[in-house]
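Please read the structure below before turning to the comments.
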Number of protein chains: 2
Amino acid sequence: MQDNSAVDQLNARARTIESVHAAAAYEVAADNIRRAIALGRFLPGDKLPPERELSEQMQVSRTTIREAVRVLEGEGLITVKRGALGGLVVMRPPSLGSAEMGAYLRTQLRLIYEILDFRTANECFAARLACGRRTQSHLDCLAELLGTMSGLCAQKAKREDVSNISQFLAADAEFHLTIAHAAGNKLIGKAVGDAHAAMFMPIGRVFKRLEDRANAHHETIYAAIRDQDADRAEKEMSLHIAATRKSLRNLLPPNAELSND
Amino acid sequence: MQDNSAVDQLNARARTIESVHAAAAYEVAADNIRRAIALGRFLPGDKLPPERELSEQMQVSRTTIREAVRVLEGEGLITVKRGALGGLVVMRPPSLGSAEMGAYLRTQLRLIYEILDFRTANECFAARLACGRRTQSHLDCLAELLGTMSGLCAQKAKREDVSNISQFLAADAEFHLTIAHAAGNKLIGKAVGDAHAAMFMPIGRVFKRLEDRANAHHETIYAAIRDQDADRAEKEMSLHIAATRKSLRNLLPPNAELSND
DNA sequence: CTTATTGGTATGAAACATATACCAATAGCT
DNA sequence: AGCTATTGGTATATGTTTCATACCAATAAG
């Protein structure tokens with residue numbers, strides 16, 4: 001590895017070792033809780049398990065849990081109520097006017113596009129792998145989620161109900177995660193989970209209604225995996241994520257295109 | 001989210017929050033150093049920067065660096081010599097007989113195949129993206145690495161020299177990382193780095209000679225990216241990783257096929 | 001108005017990390 | 001031989017984080 005080469009000029013990375021960012025336990029705890037909420041495991045209005053239980057589940061002292069709770073409270077993600085029937089309650093994200101929403105989305109555009117590309121890479125391949133490895137229980141699980149989702153976007157009224165939208169997004173995340181799980185690859189599974197959790201922050205609070213065809217792609221993806229048609233599964237997944245990208249773009253103010261994509 | 005559904009049966013994950021694994025600073029430091037070695041930024045026989053310098057670079061106290069050094073020393077990854085011209089020296093991995101090697105590889109097969117699938121997902125897409133985003137400096141960097149690699153596997157004698165093999169693997173990792181970098185997506189870049197680093201532990205110590213065509217795929221990938229032919233870039237990358245898989249399989253004892261792939 | 005549930009507070013011990021200073025081995029130079 | 005520069009090894013005092021435990025305070029149900 002000689003010096004002054006194109007390699008070294010391009011990458012400042014030669015012979016450099018990344019600096020240490022040791023996450024404190026309470027930060028990791030906050031991340032994990034945030035992730036569970038982002039994936040829709042806990043919906044707005046739901047209560048998290050009580051602190052003492054979280055402490056056990058997460059293998060960390062209650063003190064640490066409480067520090068994490070302070071963080072999430074500060075972010076406006078949960079509220080804390082004392083007393084019996086109190087607890088840690090997941091908040092509903094503030095509903096933004098469509099102008100604010102567009103402006104907000106715009107600041108996040110580059111990140112969102114990166115996440116969508118990352119999802120495309122991993123989820124298309126996951127769909128492909130899943131064709132060869134899915135079991136009947138995977139199919140059952142996917143079918144059930146399809147049912148749930150179609151119920152949630154069946155009528156126009158429901159498609160504009162914030163609570164239904166949250167439930168739909170949760171089932172959607174679970175659907176994609178189940179495919180990644182069926183692919184039987186932990187690295188890809190983790191990547192898909194990370195990507196979905198990362199998307200929630202920018203977009204989870206942004207959809208004000210579901211499209212009536214929101215579930216159509218899921219049906220075709222499911223059919224392809226059921227029929228073990230890997231090429232089709234990959235293709236449909238790719239189209240699905242492209243459609244997600246498009247519907248996000250439609251929420252943007254018209255002048256808001258970046259140099260991306 | 002009702003109970004007893006197929007979803008909940010399949011995934012123990014509903015309403016469960018991951019437990020906290022807070023890495024201590026010295027573990028993170030050890031990881032970062034290990035990763036740099038795995039990516040070939042430091043080759044066997046090279047010295048790491050002195051402890052005091054690592055301490056500065058990595059933004060952590062010397063005490064912490066020393067704990068990390070103890071870990072890596074214990075793993076046999078580095079040796080420590082005192083005195084002037086002493087320091088932290090990267091060790092050459094023990095050379096295994098081909099029987100031991102096969103047995104070792106076999107225990108790691110499942111992991112290796114997972115990593116290769118993860119690489120396929122991310123690197124094929126990275127190659128595709130890179131076609132649209134690569135700059136001239138990316139191409140220069142890739143070309144230089146091609147030159148380095150072809151020099152390192154030009155003659156039969158060189159292809160069996162352990163030192164050349166290490167250098168080749170380092171350039172190889174850098175080549176793939178540069179493509180990921182050219183793709184301009186941090187998530188994919190990190191995934192590619194993680195995957196390459198994770199592969200090194202099992203296989204870095206396993207190649208005893210380079211094939212004379214070891215660099216052929218790299219040339220075609222480079223050409224496709226240079227010509228901005230996304231389909232070809234993706235296809236060639238896919239073939240390249242498949243070839244890697246195949247040459248690893250050839251190192252296995254004949255009876256060692258798992259249920260994978 | 002008692003009881004069960006849940007968050008809030010306090011405290012001391014253990015582990016971890018830092019900063020600083022100094023010791024010890026080693027190679028090269030005079 | 002001995003000085004010097006470099007580098008790892010050791011010691012210590014301090015501050016922060018995390019933990020385990022115990023107890024306090026608010027709240028709703030019976």
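Labels below follow one simple rule: chain letters A, B, ... track the order of the sequence lines, proteins then strands, and each chain is numbered from 1.
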Hits for salt bridge (Lys or Arg N to Asp or Glu O under 4.0 Å) against B:Glu100, two or more places apart or cross-chain, chain-then-number order -> none
Residue pairs meeting ring pair (Phe, Tyr, Trp, His ring centres under 6.0 Å), one or both in residues 14-49 of chain A, sequence neighbours left out, come to none
| field | Side chain B:Thr178, main chain B:Glu174, donor-acceptor under 3.5 Å | value | yes
In short, the helix from C:dC1-D:dG30 to C:dT30-D:dA1 is bent end to end, axes from five pairs each side, to 10°, by 0°
Residues passing the salt bridge (Lys or Arg N to Asp or Glu O under 4.0 Å) test with A:Glu51, sequence neighbours excluded, are A:Arg62, A:Arg66
Q | Distance-only side-chain donor-acceptor flag, B:Ser61 / B:Thr64, under 3.5 Å | A | yes
Discussion item. For B:Ala24, is there any backbone N or O sitting under 3.5 Å from a side-chain donor or acceptor partner on B:Glu27?
Written reply: yes
Sorted by chain and number, sequence neighbours left out, side-chain contact (heavy atoms from CB on, under 4.5 Å) with B:Arg209 holds for B:Glu160
From CZ of B:Arg70 across to C1' of C:dC16 the rounded distance in Å is 17 Å
With sequence neighbours left out, the residues meeting side-chain contact (heavy atoms from CB on, under 4.5 Å) with A:Ala22 are A:Val20, B:Ala25, B:Val28
Heavy-atom nearest nucleotide on DNA chain D taken for A:Gly83 and for A:Glu27; more 5' hit belongs to A:Glu27
Residues passing the salt bridge (Lys or Arg N to Asp or Glu O under 4.0 Å) test with B:Glu56, sequence neighbours excluded, are none
The side-chain contact (heavy atoms from CB on, under 4.5 Å) partners of A:Gln155 (sequence neighbours excluded) come to A:Lys158
Applying salt bridge (Lys or Arg N to Asp or Glu O under 4.0 Å) to A:Lys190 and not counting sequence neighbours gives A:Asp194
Whichever of A:Arg82 and B:Ala25 has the more 5' nearest nucleotide on DNA chain C, that residue is A:Arg82
Original post:
Ignoring hydrogens and geometry, is there a side-chain-to-backbone donor-acceptor pair from A:Asp117 to B:Asn185 under 3.5 Å?
Top reply: no
Chain B vs DNA chain D, heavy-atom contacts under 4.0 Å, first-to-last nucleotide span, 5' to 3', is D:dA5 to D:dT10
The correct set of residues in residues 45-64 of chain B placing a heavy atom under 4.0 Å from DNA chain D is B:Pro50, B:Glu51, B:Arg52, B:Arg62
Contact check, residues 84-91 of chain A vs DNA chain D, heavy-atom distance under 4.0 Å, returns A:Ala84, A:Leu85
task = Please confirm whether the backbone N or O of B:Arg159 pairs with a side-chain atom of B:Asn164, one donor and one acceptor, at under 3.5 Å?
result = no
